[in-house]
Amino acid sequence: MGSSAADEDLPQVLLIKNPPAFAVLGEEHFTSPKFRYLKAFESSLPLHDFLAAHGGSVRAILASLSVVDASVLDLLPEVRVIATTSAGLNLLDLPECRRRGIKIANAGDVYSTDVADYAVGLLIDVLRKISASNRYVKQGFWASKGDYYPLGSKLRGKRIGIVGLGRIGYQVAKRLEAFGCSIAYNSRKAKPGVSYPFYQTVQELAAKSDALVLCCGLTQQTRHLVNKEVLAALGKEGVIVNVARGGVIDEKEMVRCLMEGEIAGAGLDVFENEPEVPKELMELDNVVMSPHCAVRTRESLMEVGRLAVRNLEAFFSNEPLLSEFEDD
């Protein structure tokens, strides 16, 4: 796509990687008369060499699946805002951004309903063995071996523990409440005006739950939050669903528990070392997996791309960001 002389005078927004919204829907949906994109991913240069050559005047970053740390920011001395297409901010060095006075705009509430729907879908799949039954039919076993007899478990009446009662966690709670489940939760602190029982620790929550649904962000405090003790408290009939980040679970310990029957099953959209997935999980019928795609609907990709553009336009117009992230 060519650039006019007028375009060359526009301020630059750095793209380190091609955002999924652009790649899937087309960049033409996300252009703006207020800025132009500087695309590091189109260069053959290593990132730091590219930034050293071209990044000196960049005032904004549109970050998508990109690590932005001190080594990157050192090469971008004029950056004052980062708009991200993610709700989670674990790829951004938040303390370094704050130190440099860089504002951050994230995906806000765009993904909440889609991720909540997906979390419930994973839970139902694990409990009712939908994917396992699907494989049984597709492999021809129904005709050759007869009916599929591993029994599933009903959702209604289950005690659901939600870890992280933010935008997504609350949406999960409301959906599962409609299924006749009882809800409890753990967060950094109790939520004002929320009637669900609050547990100070995830281990206490797990001991009172039939299923844990993980919806929290990944931070130093939440890394391996779900550990051996939590999984033991969840117990042999317990199920875990993760639509947060893979690092929230001690993955090796979870794999061991699944292999040895110490928990009943798992629905996993995220993993600790993506795209690598523990090979032990591949043959387990009580594990349902997907490739970190809970957020990805056409509607959400379009909305999040447009929100990022509007945040950047607000910045270049000296207006408040639409979805500015604020530290608690």
Side-chain angles (χ1 to χ4, degrees), residues 16-17 19-20 63-69 82 84-95 97 104 106-123 126 161-173 185-188 201-203 205-206 211-228 230-231 234 239-255 257-258 263 266-278 281 287-297 300-301 304 323 325 327-328:
I16 296 175
K17 294 184 178 180
S64 176
L65 308 177
S66 308
V67 174
V68 180
D69 56 17
I82 299 173
T84 175
T85 57
S86 174
L89 299 175
N90 54 294
L91 296 180
L92 306 184
D93 187 335
L94 295 179
C97 289
I104 296 168
N106 69 356
D109 204 31
V110 169
Y111 295 131
S112 299
T113 57
D114 286 331
V115 177
D117 290 347
Y118 205 90
V120 173
L122 285 173
L123 180 59
V126 174
I162 297 176
V163 181
L165 199 72
R167 294 184 176 102
I168 294 170
Y170 187 73
Q171 293 282 347
V172 171
Y185 75 101
N186 163 267
S187 286
R188 283 175 293 178
T201 71
V202 178
Q203 186 173 342
L205 178 65
L212 284 183
V213 182
L214 308 184
C215 304
C216 59
L218 178 60
T219 65
Q220 290 182 348
Q221 289 72 38
T222 62
R223 182 171 293 279
H224 288 190
L225 183 66
V226 177
N227 54 22
K228 180 179 181 179
V230 170
L231 293 167
L234 185 60
V239 167
I240 195 157
V241 169
N242 193 2
V243 290
R245 288 293 186 269
V248 174
I249 302 177
D250 182 337
E251 193 167 84
K252 289 183 179 179
E253 189 60 32
M254 178 190 66
V255 169
C257 288
L258 287 163
I263 61 173
L268 307 170
D269 184 53
V270 289
F271 302 88
E272 198 157 4
N273 298 297
E274 296 174 358
E276 300 300 321
V277 175
L281 299 180
V287 178
V288 178
M289 298 183 287
S290 56
H292 201 151
C293 60
V295 303
R296 294 195 180 188
T297 65
S300 282
L301 285 184
V304 80
S323 58
F325 172 76
D327 290 323
D328 289 340

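In this text the structure is predicted, and so the values were computed from the model without any measurement. Residue numbers run from 1 in the order of the sequence given.
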(request) Look at atom CZ of Phe271 and say whether more than 12 heavy atoms of other residues, nucleotides or ligands are closer to it than 6.0 Å. (result)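 Counting neighbours around CZ of Phe271, more than 12 heavy atoms of other residues, nucleotides or ligands fall under 6.0 Å, so yes.
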(message) Within the structure provided, determine whether Leu268 and Leu281 are in side-chain contact (heavy-atom separation under 4.5 Å).
(response)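 Leu268 reaches Leu281 side chain to side chain.
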(request) Could you check if a side-chain atom of Leu258 sits within less than 4.5 angstrom of a side-chain atom of Ile263, using non-hydrogen atoms only? (result)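 With C-beta onward as the side chain, the pair touches.
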(message) Once salt bridge (Lys or Arg N to Asp or Glu O under 4.0 Å) is applied, do any residues pair with Arg167, and if so which ones, sequence neighbours excluded?
(response)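 With sequence neighbours excluded, Arg167 shows a salt bridge (Lys or Arg N to Asp or Glu O under 4.0 Å) to Asp109, given in chain and number order.
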Measure across [X] and [Y] and return the closest heavy-atom pair with its distance rounded to 0.1 Å.
| X | Y | result |
| --- | --- | --- |
| Ala266 | Val126 | O-CG2, 3.4 Å |
| Val304 | Ala107 | CG2-CB, 3.6 Å |
| Leu205 | Tyr185 | CD1-N, 3.7 Å |
| Ile104 | Cys97 | CD1-CB, 4.0 Å |
| Cys215 | Gly164 | CB-O, 3.5 Å |

Tell me, please, which residues at least two apart from [X] pass side-chain hydrogen bond (donor to acceptor under 3.5 Å, both in side chains).
| X | answer |
| --- | --- |
| Thr85 | Ser64 |
| Thr297 | Asp114, Ser300 |
| Glu251 | none |

(message) Do Asp269 and Ser290 pair up side chain to side chain, a donor and an acceptor below 3.5 Å, judged on atom types alone?
(response)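 Yes, because at least one side-chain N or O of Asp269 sits under 3.5 Å from a partner of the opposite role on Ser290.
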(request) Could you pull out all residues at least two apart from Tyr118 that satisfy ring-ring contact (aromatic ring centres under 6.0 Å, His included)? (result)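 In terms of ring-ring contact (aromatic ring centres under 6.0 Å, His included), with neighbours along the sequence ignored, Tyr118 is linked to no residue.
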(request) Report the residues that fulfil side-chain contact (heavy atoms from CB on, under 4.5 Å) with Val295, sequence neighbours left out, ordered by chain and then residue number. (result)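 Here the qualifying residues are Tyr111, Val115.
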(request) Calculate, to the nearest 0.5 Å, the distance between atoms NE2 and CE belonging to His224 and Met254 respectively. (result)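 Here the rounded value is 10.0 Å.
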(message) Closer than 3.5 angstrom, by distance alone: can the side chain of Thr84 be matched with the main-chain N or O of Asn106 as a donor-acceptor pair?
(response)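 No.
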(request) Answer yes or no: is there a donor N or O on one side and an acceptor on the other, between the side chain of Thr222 and the main chain of Val248, under 3.5 Å? (result)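 Checking the backbone N and O of Val248 against the side chain of Thr222, no donor-acceptor pair under 3.5 Å is found.
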